[in-house]
K.L.:
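Here it is, the structure, as structure tokens.
Remember, it's 1-based here, ligands and their atoms both numbered in the order they're listed.
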Amino acid sequence: MKQKRILRLTAVVFAVVFVAGITGLYAGTNVPDDIKMENKIYSKHTKGIATLSHKKHAEDYKIGCGECHHDEKGKKLTNLKAGDAVKSCAECHSKPGQAPKGADAPKLSKKEKIQQYHAESVHANCIDCHKDVKKKDKSKNAPTTCKECHPKKGK
Ligand code: HEC
Ligand code: HEC
Ligand code: HEC
Ligand code: HEC
């Protein structure tokens with residue numbers, strides 16, 4: 001009798017540990033390892049879709065979450081954990097594409113362009129860091145040219 005109860009108890013403990021393990025795993029895989037940067041604010045992408053190796057950037061390259069994610073004031077979100085909800089860059093940097101160029105384009109400072117236009121904000125984040133990385137060590141694979149990030153369309 002007693003042995004049966006112990007068995008049942010053991011089964012319950014195992015079940016709890018198992019379920020907790022699964023949900024833990026699930027929370028950890030909320031963010032895809034590689035994010036296809038194909039934001040829905042674009043009705044059409046003019047460039048091939050860039051991929052961000054999100055997991056590699058955070059784990060292998062050891063870049064803090066706050067280097068890319070910040071709050072509505074631009075303050076770094078340094079305490080983010082896997083599974084936390086995160087706002088898309090486009091919720092704040094909400095105009096699609098890059099700031100218009102040319103004589104009749106509105107005159108905007110670099111800061112204003114970044115604040116308003118999605119591609120400007122993403123480029124400033126990704127490319128500025130990659131330039132710094134390359135400056136320190138030319139052998140690093142941190143892409144700075146268009147075609148390294150944007151594959152030929154249709155691929
Ligand atoms: C190199 C820059 C970078 C780093 C470092 C980084 N992220 Fe991200 N993360 C992004 C970008 C870009 C997106 C896509 C945002 C978008 O769609 O606008 C994203 C998306 C996410 C999402 C949402 C995924 C989805 O599909 O909705 C979560 C959650 C997230 N990141 C959490 C984190 C956490 C936690 C860390 C630190 C462990 C981290 N990120 C580190 C750039 C980064
Ligand atoms: C909740 C709103 C919000 C979200 C989400 C957001 N940003 Fe920002 N971001 C801001 C604000 C506000 C500023 C301006 C801060 C300032 O000028 O002091 C800013 C500034 C920036 C800058 C300029 C920083 C500098 O130091 O010059 C870059 C680059 C940038 N954001 C990229 C991103 C990227 C990439 C994402 C997504 C991973 C993102 N932002 C998500 C609100 C946001
Ligand atoms: C704060 C610094 C930083 C930011 C921000 C950053 N990266 Fe990187 N990135 C790196 C480093 C470091 C490497 C790896 C260099 C090496 O070790 O060879 C890298 C490598 C890459 C590579 C080539 C290798 C791979 O893992 O695929 C791609 C593509 C890339 N980054 C895309 C992006 C994109 C897209 C963004 C913006 C959404 C971004 N990165 C933002 C630092 C950064
Ligand atoms: C470090 C990687 C990286 C480099 C280098 C880069 N881009 Fe981007 N670019 C991105 C990402 C990521 C987005 C955001 C796409 C999204 O989230 O939908 C983007 C968005 C864009 C967009 C708006 C979306 C579209 O397809 O119409 C244009 C236009 C663009 N880039 C042009 C360029 C040009 C031109 C260059 C070279 C001068 C360049 N990019 C270099 C990563 C990069």
K.L.:
To check your reading of the model: name the closest protein heavy atom to atom 29 (C) of ligand 1, its residue, and the distance in Å.
P.N.:
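Minimum-distance protein heavy atom for atom 29 (C) of ligand 1 reads D84 O, 3.1 Å.
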
K.L.:
Heavy-atom distances under 4.0 Å are what count here, so tell me which part of C146 touches ligand 4: side chain, backbone, both or neither.
P.N.:
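For C146, the contact with ligand 4 is made by both the backbone and the side chain.
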
K.L.:
May I ask which of N141, I127, V122 has a heavy atom nearer to atom 18 (O) of ligand 3 than the others do?
P.N.:
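Among N141, I127, V122, the closest heavy atom to atom 18 (O) of ligand 3 belongs to N141.
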
K.L.:
Would you say ligand 4 has an N or O under 3.5 Å from any N or O of Y42?
P.N.:
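Between Y42 and ligand 4, no N or O pair is found under 3.5 Å apart.
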
K.L.:
Which of the numbered atoms in ligand 4 are under 4.0 angstrom from any heavy atom belonging to Q98?
P.N.:
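It comes down to these atoms of ligand 4: 29 (C), 32 (C).
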
K.L.:
Could you tell me if any non-hydrogen atom of C68 lies under 4.0 Å from any atom of ligand 3?
P.N.:
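True for this residue.
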
K.L.:
Please find out if atom 8 (Fe) of ligand 4 and some N, O or S atom of H123 are separated by less than 2.8 Å.
P.N.:
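Under 2.8 Å: H123 contacts atom 8 (Fe) of ligand 4 through an N, O or S atom.
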
K.L.:
Only heavy atoms of C129, strictly under 4.0 Å: list the atoms of ligand 3 that pass.
P.N.:
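In order of number, 1 (C), 2 (C), 3 (C), 4 (C), 5 (C), 42 (C), 43 (C).
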
K.L.:
Give a yes/no on ligand 3: does A50 have at least one heavy atom closer than 4.0 angstrom to it?
P.N.:
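In this structure, A50 fails to qualify as a contact of ligand 3 - no heavy atom is under 4.0 Å.
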
K.L.:
Can you list the atoms of ligand 1 that are under 4.0 Å from a heavy atom of S88?
P.N.:
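So the atoms of ligand 1 that pass are 16 (C), 17 (O), 18 (O).
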
K.L.:
Can you tell me if H118 has a non-hydrogen atom under 4.0 Å from ligand 4?
P.N.:
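A heavy atom of H118 does come that close to ligand 4.
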
K.L.:
Short check: any N/O/S atom of C65 below 2.8 Å from atom 8 (Fe) of ligand 1?
P.N.:
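So C65 does not bind atom 8 (Fe) of ligand 1 by this criterion.
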
K.L.:
Among M37, H54, E59, which residue places a heavy atom closest to atom 7 (N) of ligand 1?
P.N.:
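The option holding the nearest heavy atom is H54.
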
K.L.:
Can you find a protein heavy atom closer to atom 25 (C) of ligand 1 than 4.0 Å?
P.N.:
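There is no protein heavy atom less than 4.0 Å from atom 25 (C) of ligand 1.
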
K.L.:
For atom 16 (C) of ligand 3, find the nearest protein heavy atom and state the residue, atom name and distance (0.1 Å precision).
P.N.:
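Heavy-atom neighbour on the protein nearest atom 16 (C) of ligand 3: K140 CD, 3.4 Å.
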
K.L.:
Please name the atom of H57, restricted to N, O or S, that is closest to atom 8 (Fe) of ligand 3.
P.N.:
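Per the distance ranking, H57 contributes NE2 as its closest N/O/S atom to atom 8 (Fe) of ligand 3.
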
K.L.:
Going by the closest heavy atom to atom 41 (C) of ligand 3, which one wins out of C126, S53, A124?
P.N.:
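The option holding the nearest heavy atom is C126.
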
K.L.:
Closest non-hydrogen protein atom to atom 42 (C) of ligand 3, residue and atom name please, with distance?
P.N.:
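The closest heavy atom on the protein side is I63 CD1, 3.2 Å.
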
K.L.:
Using 2.8 Å as the threshold, say whether any N, O or S atom from H69 sits that close to atom 8 (Fe) of ligand 1.
P.N.:
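For H69, the answer is yes, given that an N, O or S atom comes within less than 2.8 Å of atom 8 (Fe) of ligand 1.
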
K.L.:
Can you name the atoms of ligand 1, numbered from 1 with element, that are less than 4.0 Å from a heavy atom of L52?
P.N.:
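Matching atoms, with element in brackets: 10 (C), 11 (C), 12 (C), 42 (C).
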
K.L.:
Going by distance only, is there an N or O of T144 that falls short of 3.5 Å from an N or O of ligand 4?
P.N.:
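No, T144 has no N/O under 3.5 Å of an N/O on ligand 4.
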
K.L.:
For A82, take its heavy atoms, then give the atoms of ligand 1 lying under 4.0 Å from any of them.
P.N.:
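Listed by number with element: 35 (C).
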
K.L.:
Is H150 close enough that one of its N/O/S atoms sits under 2.8 Å from atom 8 (Fe) of ligand 4?
P.N.:
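Checking H150: at least one N, O or S atom is under 2.8 Å.
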
K.L.:
Report, in ascending order of atom number, the atoms of ligand 3 lying under 4.0 Å from any heavy atom of T51.
P.N.:
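Per the distance check, 29 (C).
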
K.L.:
Of all the N, O or S atoms in H130, which one sits nearest to atom 8 (Fe) of ligand 3?
P.N.:
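Nearest to atom 8 (Fe) of ligand 3 within H130's N, O and S set: NE2.
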
K.L.:
Which residue and non-hydrogen atom of the protein lie closest to atom 11 (C) of ligand 3, and at what distance in Å?
P.N.:
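The closest one turns out to be Y61 CD1, 3.7 Å.
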
K.L.:
Just which atoms of ligand 3 are under 4.0 Å from any heavy atom in N125?
P.N.:
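The atoms of ligand 3 under 4.0 Å from a heavy atom of N125 are 5 (C).
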
K.L.:
Could you tell me whether some N/O pair between H45 and ligand 4 is separated by less than 3.5 angstrom?
P.N.:
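Yes - when backbone and side-chain N and O of H45 are compared with those of ligand 4, one distance drops under 3.5 Å.
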
K.L.:
Give a yes or no on whether K134 atom NZ has more than 12 heavy-atom contacts from other residues, nucleotides or ligands under 6.0 Å away.
P.N.:
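Atom NZ in K134 is crowded, with more than 12 foreign heavy atoms closer than 6.0 Å.
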
K.L.:
Tell me whether E38 reaches ligand 4 (any heavy atom closer than 4.0 angstrom to a ligand atom).
P.N.:
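True for this residue.
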
K.L.:
Would you say G64 touches ligand 1, if touching means a heavy atom closer than 4.0 Å?
P.N.:
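The answer is yes: ligand 1 sits under 4.0 Å from a heavy atom of G64.
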
